[in-house]
Every structure is written in C-alpha cells, then in structure tokens.
Q: 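I have a structure here, written as structure tokens, and I will follow up with some questions on it.
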Amino acid sequence: MGRRGYALAAVALLLISGCRSSTATEFRPGAEGAGDPYFPKYGNGGYDVAGYDLDLRYDPAAGTLAGRATITATATQDLSRLDFDLAHLTVSKITVDGVAATASATGNELVVTPATGIPEGRGFTVVAEYGGTPGLLENKTLGNGGWLRTRDGGVALGQPESASTWYPVNDHPSDKATFTLAMTVPDGLEVISNGVPGPRATKDGWTTWRWSEAAPMASYLSTVVIGQYRIGTSTHGGKPMIVAVPESLPENGPAARSLARTGEITDYLASVFGPYPFDANGGVVVDDDRIGYALETQSRPVYGSTFFDKANPGVVAHELAHQWFGDSVALTRWRDIWLNEGFATYAEWLWSEHDGGKPAQQQFDTTYASTDWTQPAADPGPDRIFSDAVYERGALVVHALRRTIGDEAFFRLLKTWTSERGNGNGDTAQFIATAEKVSGKDLDTFFTAWLTGTTAPAL
C-alpha cells in the first residue's frame, strides 16, 4: 500500500471510530413491573433470574429474619439499574459481581444501581445482605399473602404474591428460577420448604435445614414452614416423599390420612397428565385459622388444616394436579389463571370418579346447571382471579373440550401440553393452538363460547 493508501486508511479509521462513539451503549433502568396488566407493579423488567440461593436465620421469639440472598441473572437489556420486589425488610449491603452497589427502597421496590452498567446478554450475580421483621402483603380483595408469624414459628405463603416478604425477588410467574434455601432456626423446630432435603447441621443451639428445588419455579410457589411438625420421609417412584403434619393435630387424624394418599393420587394423575415433573413430592399441613386455603407450592403443597375436619383426598388431588398445571407449566400472565384452576378442579372430578365417587359427567351436569354464565373463565379481571368462574367454569371448559374432541385426542392433548411446555410457561392462545394441532379441529368457536361467552353454551 502506498503513502496515499495509508492516508485513506487513516481517514477510514477515524470515520469508523466516530461511528462507534455515536452508537455507544445507552444503559437504562429496568422496568419496575413485569408488564402484567392485572398487577402492573408485580415483578420487574430488564433481566431474567436463573436462581435464588438463600442463607437465612429466623428467630421466632423476636419474629426477626436476617441473612443473605445470592441471585444469578442475565440482563435482557443494557441495564443502568434494576429493581427487585422486597417488602418490610431492609438491605444493609449489596454487591453486583462482587463490586459494591447502591440500594434504595421505594415502597416495596428495592432499587439496585451497580457501579457500572450491565450489557444486554451478560450474566451477573447480586448478593444482598438484609433483615428485619417480615410480615404480610395486605390485599382486602384477594386475601393477604406473605410471611405469617405463628405461635411456634412462621409460614411464608400466598398467591398471587408472597416471596417478596422474605427475599429480594422478581415476583411474577413469568420469570421462573431455581431455588435453594438454608434456614437456621432454634433447635427443636422443623423447617419444611420446596424440593429435595439436604444435610442438616446443628451448632450452639441452632439447626440449619437445607432444601433445593432444581426445576424452575414461579416465585409465589416458594414456601417455608417453621414450627413443631411430625415429618414423614419415604421414597415414592424413586423420589423423596416428605409429608409434614403439625404436632397440634392428631397423629393419625384426617389430615395425616389424607396426605398419606399423596403417592397414590400422584400415580393416578401421572397416568392422565404424564410423568410427575419434579424431583420430590409431599405436602405440609398448617394448623392456623388465618390460613383457610391450600396452595400448590412447588413439589410440596401447603394445606390449611380447615380442609381436614374429615379425610379430604379431593383437595390433595387438586393441589397435586397443579404440579403439572400451574407449576411445571406456569402462567405467563394472571389473566390465564383458568389454565391452572380449571384443570386442577377437573382433576378433582377425575379423581372422584377413579376413587369410586361421582363420575366426571355427573359433576359437569351439576356444575353446568348452577353456573353464572355472565362471568368469563378467561380474563376474569384482577379482582376475580379466585372466583367460581375461574375454578368451576374453568372445569366445565375442560370437560366440554373432552366431549368435543373425544377422549383419545383429549388425553393426548393433556400429555402434549405438559411435555411441550414443562418447566416453562403457557397462555390461553398457546393452549388453543395446541388443542387444535392435536385434535385437528378448528376450536375458535368452542373456546369463545365456553371461555368468554356470557350465555350458557349449547350442550
């Protein structure tokens, strides 16, 4: 290259350099919500969490919680700062990739500003040391959720949000992540959480319990139960089966007898929905009048004791069905909650028939006759996500679909949906597309009438 060539090359380099500087990375804050129209402030934007690793200590006498959360994530945009959901608790120290960051609280939002921006696509690790007195998230319409101090310990439980009352979290089911917990409590108390139990260690009057859930989990499905419990540990299908009943309830009472059927019910549901999706199974009963519900916490549902005035395997079938519909295949947006509750309610009908009770068709007929058809099953509105329209009408949709496409296609559809969407998320449009693919039928008219119509569909 001659001297003129060098000069032209230098000019070219200057031009290229100028272009690069004009398109320098523009870091910006992540959104303070996940974009769900029902709950605009739930969750956050700008990153995707891979895993939560919690090392906590709970003092039931003082009602205080303290410890460290290690959160691994990937930036989905060029981040200047990011939010986590965190209620009632205060962060004392925070780092991003080992470098000190700043943290500030605005309501239930924890705002984290790293020392430097995080480029899109880059993995990063946030370590937060925090503590305080955990409490509930009050919701007069949907019910309170979060951390509940009990007479002998504490419980973290609730839907549609709860996790933010005990660790920094992207608290929306669209961002599923793995979960590990080391919870240290005074000797003599038990700790039950999600997944597979790990080794316990005791020192100076305190015991550390370890649990891990390796499958991605929506944050509201995480739980911890602390108190005086009889824990039964066995193996079912080659996987740990852990059931826990409070010492305050009879040793062989209706709660214990109902949970004892967990393996049997799981095996039946697996024959309908496909292989059980997690590495562990079981259930926990909580004896506290303030918890009048059951929740499908992943791999280990939690049941309020009020369900067990007598043996009640139906509620066990409902919550176990959620392990497929709602847990393994989680919601993308809360408007599609009928996909969780409609299938779980229908699982109760199937189990009843299998167990010698009412046939599913009879339950369909009874429910059809008493349903308020002015209320849609899909997109019910944020104040009605736990309404009969979601549960009962949702189950009617499922059985009517079975009648429309036939048993062979219907049961193949259930296994196709849970296998193709397992460990992920799904929505109504995707379910309809899968149903049409499996059945070979155009089902738009059917779903319009049964899911969102305001008059009783023709039988």
Side-chain angles (χ1 to χ4, degrees), residues 54-56 58 60 150 152-157 178-203 206-215 217 221-270 275-288 291 294-305 307-308 311-313 315-317 319-320 322-323 327-328:
L54 309 180
D55 187 353
L56 305 177
Y58 181 62
T150 63
D152 60 355
V155 178
L157 194 68
T178 61
F179 176 86
T180 62
L181 172 66
M183 178 66 78
T184 302
V185 297
D187 290 350
L189 293 180
E190 283 73 44
V191 177
I192 306 100
S193 186
N194 307 87
V196 176
R200 296 200 296 270
T202 298
K203 182 180 180 181
W206 293 77
T207 299
T208 300
W209 296 67
R210 300 180 185 279
W211 298 88
S212 61
E213 175 53 79
M217 178 169 67
L221 300 173
S222 64
T223 187
V224 64
V225 180
I226 301 167
Q228 301 280 351
Y229 281 84
R230 291 187 296 271
I231 299 179
T233 302
S234 60
T235 301
H236 186 85
K239 299 179 179 183
M241 172 76 74
I242 293 102
V243 296
V245 177
E247 292 182 0
S248 58
L249 297 180
E251 188 166 358
N252 193 35
R257 295 198 306 272
S258 298
L259 260 63
R261 302 193 72 181
T262 296
E264 174 191 2
I265 295 170
T266 299
D267 290 344
Y268 168 70
L269 294 177
Y276 178 75
F278 302 122
D279 292 336
N281 199 350
V284 185
V285 179
V286 175
D287 187 15
D288 192 301
I291 298 177
L295 186 61
E296 61 270 20
T297 44
Q298 189 158 307
S299 75
R300 194 152 296 113
V302 176
Y303 306 88
S305 61
F307 282 99
F308 301 113
N312 186 2
V315 70
V316 177
E319 303 308 330
L320 288 175
H322 275 310
Q323 304 307 305
D327 292 14
S328 179

Q: Distance-only, no hydrogens or angles: does the R300 side chain make a donor-acceptor pair with backbone N or O of T223 under 3.5 Å?
A: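 No; zero donor-acceptor contacts below 3.5 Å.
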Q: So does F307 get a backbone contact from the side chain of N312, meaning a donor-acceptor N/O pair under 3.5 Å?
A: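 Yes, N312 side chain to F307 backbone: donor-acceptor pair under 3.5 Å.
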Q: More than 12 foreign heavy atoms under 6.0 Å from CZ of R210: is that the case here?
A: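 For R210, atom CZ is not crowded (no more than 12 foreign heavy atoms under 6.0 Å).
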Q: Looking at CG of L181 and OG of S212, how far apart are the two atoms once the value is rounded to the nearest 0.5 Å?
A: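 Atom-to-atom, L181:CG and S212:OG are 10.0 Å apart.
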Q: Going by heavy atoms in the side chains, are L157 and V225 under 4.5 Å from each other?
A: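 Contact flag for L157/V225 side chains = no.
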Q: Could you tell me the separation between the CZ atom of R261 and the CG atom of D267, rounded to the nearest 0.5 Å?
A: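 Output value for this atom pair is 12.0 Å.
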Q: Can you tell me how far apart OH (Y268) and OG1 (T266) are? Round to the nearest 0.5 Å.
A: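 Between Y268 OH and T266 OG1, I get 13.0 Å after rounding to 0.5 Å.
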Q: Check G195 against E213 and note the closest heavy-atom contact, atom names and distance.
A: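 Closest heavy-atom pair between G195 and E213: CA-OE1, 3.8 Å.
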Q: Ignoring hydrogens and geometry, is there a side-chain-to-backbone donor-acceptor pair from E319 to E296 under 3.5 Å?
A: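 Yes, E319 side chain to E296 backbone: donor-acceptor pair under 3.5 Å.
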Q: Under a 3.5 Å distance rule, please check whether S193 uses its side chain to pair with a backbone N or O of W211 as donor and acceptor.
A: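 Checked: no pair found.
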Q: Between Y58 and G154 (side chain of the first, backbone of the second, donor and acceptor by atom type, cut-off under 3.5 Å), is there such a pair?
A: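 Side chain of Y58 to backbone of G154: no pair is present.
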Q: Can you name the one residue among L56, I231, I226 that meets side chain to side chain contact (heavy atoms under 4.5 Å, CB included) with V191?
A: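 Looking at L56, I231, I226, the match for V191 under the side chain to side chain contact (heavy atoms under 4.5 Å, CB included) is I226.
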Q: The criterion is ring pair (Phe, Tyr, Trp, His ring centres under 6.0 Å); which residues satisfy it with F308, sequence neighbours excluded?
A: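 For F308 the ring pair (Phe, Tyr, Trp, His ring centres under 6.0 Å) partners, ignoring immediate neighbours, are Y303.
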Q: Do the side chain of E190 and the main chain of Y229 share a donor and acceptor less than 3.5 angstrom apart?
A: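 Between the backbone of Y229 and the side chain of E190 there is a qualifying donor-acceptor contact (under 3.5 Å).
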